[in-house]
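Throughout, residue positions are numbered sequentially from 1 according to the sequence presented.
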Amino acid sequence: MEVNYDLYMSRLFSLAELNKTPLAGTFELTSRCSLDCKMCYIHKRENDDSAKKYELSAARWIELAEQAKNKGMLLLLLTGGEPLIREDFDEIYIACKNMGLLVSVNTNGMLIDDKKIELFKKYPPQRINVTLYGTSADTYTNLCGNRYAFEKVITALKKLKDNNIPFKINYSITPLNVNDAENAYKIAKELGVPIQPVSYMFPPVRCSGEEFRLPPEKAAEIHFNWQKRHLGNEDFLKYLTDFKEKRSYTGECDECGEKISCRAGIGSFWVTFDGRMLPCGMMTNPQTKITDFDGAWKEITDARENIKLPLKCSECEYRKYCDICAAVSLAETGSFNNIPEYACKKAQEYKKLCTDFIEKMNFKFSGGNEK
């Protein structure tokens, strides 16, 4: 009997959350990167020795992976910064693969050379997630500070494709690369791989820097257009109809506010480059320095129970259209309990676009004539 992978993983996560099992983990191997993207939340420079000295050793990462596996971890994401920048990346990756973990890697693609291709052929990843930041040398220059990166990334994507290594493309949309989005879709189509655009950029809460992102209304428009493009008009209409009728808040709420309902801190965790455990990478709190994994995980799961989102959000007419989560509230306002204005504006515009689309499509199907 064929097993549906998505349904299987959904069931696993449900059981993990019920039992507070850390099924999925993210190891942020380094804060350093070969690019200097304007919107990035963590991007120390490649040769920054002051950043490098705080990174956990390969032996410590492998030890943490073993401890997390013994606690129930099956899925592991290696990220950064740029994880491939570490000279001992192969050692960490192979050790985690040999534990039987399903290992994925986040990368900007610049360092995927023939040696890394051979590594991934011999020890196949669950998936390589390559973030594309534009479709020209000029865009990479303006956004990432490296004119030669685009050519390297395209070469890497082709190598992954030619060697049957599973990968997807992520596309982080900002004011400097929004006009490249159409070409990014074409590149993904030509390669025959999925592409996931991301229109919401977090404020730089984990590094010093200026906010660099689209206005919320534009971010909503891009998200809406991507869904419509991905599904096609008729399937998108069905999705929106089901979404409108069935989607609702599923967490718990009391007079203090809404409990968080994501997997962070109950079925998944994040470990920073310097050995702190967070519920997810976009939350600066709660956090704990890891001495032993079990103790850190218990501390995070206990702290998670005290996180409440604004009561007003659970009662809001835009709630089902909104991106609000604990990480968004904290990053946007500095508190879990405050209303994130950016997310509100994005949700309002998204609902308007959805409502207009439903009305237009229903008018068309009813036999009306569009002008």
Kindly say whether the aromatic ring centers of Tyr200 and Tyr342 come within a distance under 6.0 Å.
yes

What heavy-atom pair brings Arg32 and Asp48 nearest, and what distance separates the two atoms?
CD-O, 3.8 Å

Answer yes or no: is there a donor N or O on one side and an acceptor on the other, between the side chain of Thr241 and the main chain of Leu237, under 3.5 Å?
yes

Do Asn177 and Thr174 have side-chain atoms, one donor and one acceptor, less than 3.5 Å apart?
yes

May I ask you to decide if the ring planes of Tyr140 and Tyr133 are parallel, tilted or perpendicular, using 30° and 60° as cut-offs?
perpendicular

Any salt bridge linking Asp113 with Lys152? Criterion: basic side-chain nitrogen under 4.0 Å from a carboxylate oxygen.
no

Taking all non-hydrogen atoms of both residues, which atom of Cys354 and which atom of Leu240 are closest, and how far apart?
SG-CD2, 3.6 Å

Using a 4.5 Å cut-off on heavy atoms from C-beta on, say whether the side chain of Lys20 contacts that of Ile266.
yes

In one Ile/Leu/Val/Met/Phe/Trp/Tyr side-chain cluster, 4.5 Å: Phe224, Met361:
yes

Say whether Ile339 and Ile324 are linked into one hydrophobic cluster, either directly or through other cluster members, by side-chain heavy-atom distances under 4.5 angstrom.
no

Under 4.5 Å between side-chain heavy atoms, counting indirect links through other Ile/Leu/Val/Met/Phe/Trp/Tyr residues: same cluster for Tyr321 and Leu353 or not?
yes

Nearest atoms (heavy-atom pairs only) where Met201 meets Ser172
CE-CB, 3.8 Å

Please check if atom NZ in Lys289 has more than 12 non-hydrogen atoms from other residues, nucleotides or ligands closer than 6.0 Å.
yes

Is the shortest heavy-atom distance from the side chain of Glu221 to the side chain of Glu349 under 4.5 Å?
no

Would you mind reporting whether Phe27 and Pro83 have side-chain heavy atoms less than 4.5 Å apart?
no

With heavy-atom distances below 4.5 Å as the criterion, would you say the side chains of Phe357 and Asn233 are in contact?
yes

For the student: nearest non-hydrogen atoms of Ile169 and Leu191, plus distance:
CD1-CD1, 4.3 Å

Inspect the surroundings of NZ in Lys345 and state if more than 12 heavy atoms from other residues, nucleotides or ligands are less than 6.0 Å away.
no

Does the side chain of Ser104 pick up a donor-acceptor pair with the side chain of Asn129 at under 3.5 Å?
no

Would you check if there is a donor-acceptor pair between the side chains of Glu82 and Thr30 at a distance under 3.5 Å?
no

With the 4.5 Å side-chain cut-off for hydrophobic clustering, are Phe269 and Ile300 part of the same group?
yes

Do Asp114 and Lys159 come within less than 4.5 Å of each other through their side chains, counting heavy atoms only?
yes

Do other residues, nucleotides or ligands put more than 12 heavy atoms under 6.0 Å from the CD atom of Glu87?
no

Only distances under 3.5 Å count here; give the side-chain donor-acceptor pairs of residues 89-96 to other protein atoms, sequence neighbours excluded, each with its distance to 0.1 Å.
from: Asp90; atom 1: OD1; to: Lys116; atom 2: NZ; distance (Å): 3.0
from: Tyr93; atom 1: OH; to: Tyr123; atom 2: O; distance (Å): 2.6

Got more than 12 heavy atoms from elsewhere within 6.0 Å of NZ, Lys218?
no

Here's one to test your reading of the geometry: is the NZ or CZ of Lys228 within 45 degrees of the ring axis of Phe236 and under 6.0 Å from its centre?
no

Does the side chain to side chain donor-acceptor pair (under 3.5 Å) test come out yes or no for Thr272 and Asp274, once each step is laid out?
CA-CA 5 Å; Thr272 63; Asp274 54 356; 2.5 Å; yes

Distance, nearest 0.5 Å, that separates CD1 of Ile195 from NZ of Lys186
12.5 Å

Please work out whether the ring planes of Trp297 and Phe293 are parallel, tilted or perpendicular, with thresholds of 30° and 60°.
parallel

Distance check, rounded to the nearest 0.5 Å: Leu77 atom CG versus Asn106 atom CG?
4.5 Å

Can you classify the ring geometry of His223 versus Tyr350 as parallel (below 30°), tilted (30 to 60°) or perpendicular (above 60°)?
tilted

Counting only heavy atoms not in Arg11, do more than 12 sit closer than 6.0 Å to its CZ atom?
no

Looking at Asn108, Leu35, Asp36, which one forms a side-chain contact (heavy atoms from CB on, under 4.5 Å) with Cys144?
Leu35

Passing candidate, side-chain contact (heavy atoms from CB on, under 4.5 Å) with Tyr171, options Val130, Thr131, Asp180
Asp180

Check whether Arg304 reaches the backbone of Ala264 with its side chain - one donor and one acceptor, N or O, closer than 3.5 Å.
yes

Within the supplied structure, the quantity of interest is the number of heavy atoms (other residues, nucleotides, ligands) at a distance under 6.0 Å from Lys351 NZ; does it exceed 12?
yes

For Glu305, I'd like to know if atom CD has over 12 heavy atoms of other residues, nucleotides or ligands within 6.0 Å.
yes

